[in-house]
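Here is the structure we will look at.
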Amino acid sequence: MTECHPFVLILRYDLRFPQYAQFQDYRHALQNFMNSFSVYLKRRNIHYHYVWVKEIESSVNPHYHCVFIISAGQYSSYFLTCEAQNIWSRICSESSGYASDSLLHCCPRILRDGSFQWDVLISRDDPNFEVELRDIFYWLSYLAKINTKTLNPGRGNRWWGSSRCDLCG
């Protein structure tokens, strides 16, 4: 995306379901979130791509790790995250009657000095662009861990997905 946009914002969210509610259709909940957030971004002419993975560990319900790569413009990550929280909270409350903003967790990037960065803004003109890109790749590689994923989930049960990557679309 940096080929087409001078600044790119990277947001990483964990989407969780209420702990004491068992959902029947996780796929529908995730699809509803991705569709709703995509509509929100498109209406604001924000170019984006996303990747998601599903994990299940000790909970009855799975959770999702999502990364959004967004053309940075006049919108702050705060407003984008608030909208994502509203959408996920609404989806969870429709299915379980339980709504909480804490079901969407922003995942910080830990910097070399130990500080946290809640969103990542990169610039293609930054002299440290390659180093930044390598650090971001490491930060996002968490999504690729295999110990909480099923390698052969069965028909119709996907454990990852992404938007189509047309470079400047």
Side-chain angles (χ1 to χ4, degrees), residues 1-17 29-57 59 62-89 91 100-151 158-169:
M1 273 187 59
T2 55
E3 291 86 3
C4 303
H5 303 283
F7 297 97
V8 174
L9 180 66
I10 301 171
L11 303 169
R12 188 177 149 224
Y13 302 135
D14 286 354
L15 304 177
R16 299 189 180 278
F17 292 96
L30 178 70
Q31 183 178 30
N32 194 356
F33 173 78
M34 290 301 190
N35 289 343
S36 297
F37 197 53
S38 292
V39 166
Y40 176 82
L41 296 172
K42 285 178 187 174
R43 285 185 178 158
R44 283 149 187 82
N45 293 320
I46 299 173
H47 183 220
Y48 68 97
H49 294 292
Y50 64 81
V51 174
W52 63 265
V53 296
K54 179 169 98 172
E55 289 189 353
I56 190 158
E57 212 164 347
S59 174
H63 63 275
Y64 295 94
H65 300 290
C66 303
V67 174
F68 287 89
I69 303 167
I70 298 171
S71 62
Q74 67 272 28
Y75 295 97
S76 78
S77 62
Y78 174 79
F79 292 110
L80 296 171
T81 298
C82 285
E83 184 61 25
Q85 283 180 323
N86 290 338
I87 292 168
W88 188 244
S89 182
I91 290 167
S100 171
D101 288 343
S102 66
L103 297 174
L104 184 142
H105 177 252
C106 296
C107 303
R109 174 180 164 209
I110 301 172
L111 301 176
R112 293 174 191 262
D113 65 2
S115 62
F116 293 95
Q117 188 176 27
W118 294 98
D119 54 13
V120 177
L121 181 66
I122 58 174
S123 167
R124 68 178 174 216
D125 297 328
D126 184 341
N128 295 320
F129 178 75
E130 293 298 324
V131 173
E132 279 287 304
L133 208 54
R134 192 170 43 248
D135 288 351
I136 291 166
F137 185 80
Y138 178 77
W139 172 52
L140 298 178
S141 69
Y142 178 84
L143 277 68
K145 69 178 184 159
I146 61 169
N147 64 324
T148 56
K149 296 173 184 69
T150 300
L151 296 178
R158 294 177 47 203
W159 285 76
W160 66 275
S162 66
S163 58
R164 203 177 90 221
C165 194
D166 54 337
L167 272 155
C168 297

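What's counted below: heavy atoms across the whole structure, side chains too, no hydrogens, waters or symmetry copies.
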Exercise. For Gln117 and Trp139, what are the C-alpha separation, side-chain angles and deciding distance, and is it a side chain to side chain contact (heavy atoms under 4.5 Å, CB included)?
Worked result: CA-CA 11 Å; Gln117 188 176 27; Trp139 172 52; over 6 Å; no
For this session: Tell me, with the steps shown, if Ile46 and Tyr40 meet side chain to side chain contact (heavy atoms under 4.5 Å, CB included).
Result: CA-CA 9 Å; Ile46 299 173; Tyr40 176 82; 5.6 Å; no
Problem set entry | Trace of the side chain to side chain contact (heavy atoms under 4.5 Å, CB included) decision for Leu15 with Trp52 | CA-CA 10 Å; Leu15 304 177; Trp52 63 265; over 6 Å; no
Exercise. Hey, mind stepping through Cys107 and Tyr13 against side chain to side chain contact (heavy atoms under 4.5 Å, CB included) and telling me if it holds?
Worked result: CA-CA 6 Å; Cys107 303; Tyr13 302 135; 5.9 Å; no
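Distance check: Ser77 OG to Ile70 CD1 gives 9.0 Å after rounding to the nearest 0.5 Å. Put simply, CD1 on Ile87 and CG on Leu104 are 9.5 Å apart, with the number rounded to the nearest 0.5 Å. Rounding to the nearest 0.5 Å gives a distance of 11.0 Å between SG of Cys66 and CG of Leu11. Rounding to the nearest 0.5 Å gives a distance of 7.5 Å between CG of Leu133 and CD1 of Ile10. Atoms CG and CD1, from Leu103 and Ile91 in turn, are 11.0 Å apart once rounded to the nearest 0.5 Å. Here the straight-line distance linking atom CZ of Arg44 with atom OG of Ser71 works out to 13.0 Å at 0.5 Å rounding.
Taking the ring centre of Tyr138 as origin, the terminal cationic atom of Arg134 falls outside the region bounded by 6.0 Å and 45° from the ring axis.
Put simply, the residue from Val131, Ile122, Val67 that forms a side-chain contact (heavy atoms from CB on, under 4.5 Å) with Ile136 is Ile122.
Between the side chains of Ser115 and Asp113, at least one donor N or O sits under 3.5 Å from an acceptor N or O.
Ring planes of Tyr64 and Trp88: perpendicular class, angle over 60° (limits at 30 and 60°). A perpendicular orientation is assigned to the rings of His63 and His65, their planes being inclined by more than 60° (bins at 30° and 60°).
Ring to ring, Phe68 and Phe37 are close: their centroids are under 6.0 angstrom apart.
Counting only heavy atoms from C-beta outward, the side chains of Asp119 and Thr81 never approach each other to under 4.5 Å. Contact annotation: the side chain of Glu132 never approaches that of Ser123 to less than 4.5 Å [non-hydrogen atoms, C-beta and beyond].
Heavy atoms only, all atoms of each residue included: Arg124 and Cys4 are closest at NH1-C, 3.8 Å. Of all the heavy atoms in Leu41 and Tyr48, the pair that sits closest is CD1-CG, 3.7 Å.
Within a 6.0 Å sphere centred on CZ of Phe79, heavy atoms belonging to other residues, nucleotides or ligands number 12 at most. When the shell of 6.0 Å around OH of Tyr50 is examined, it contains more than 12 heavy atoms from other residues, nucleotides or ligands.
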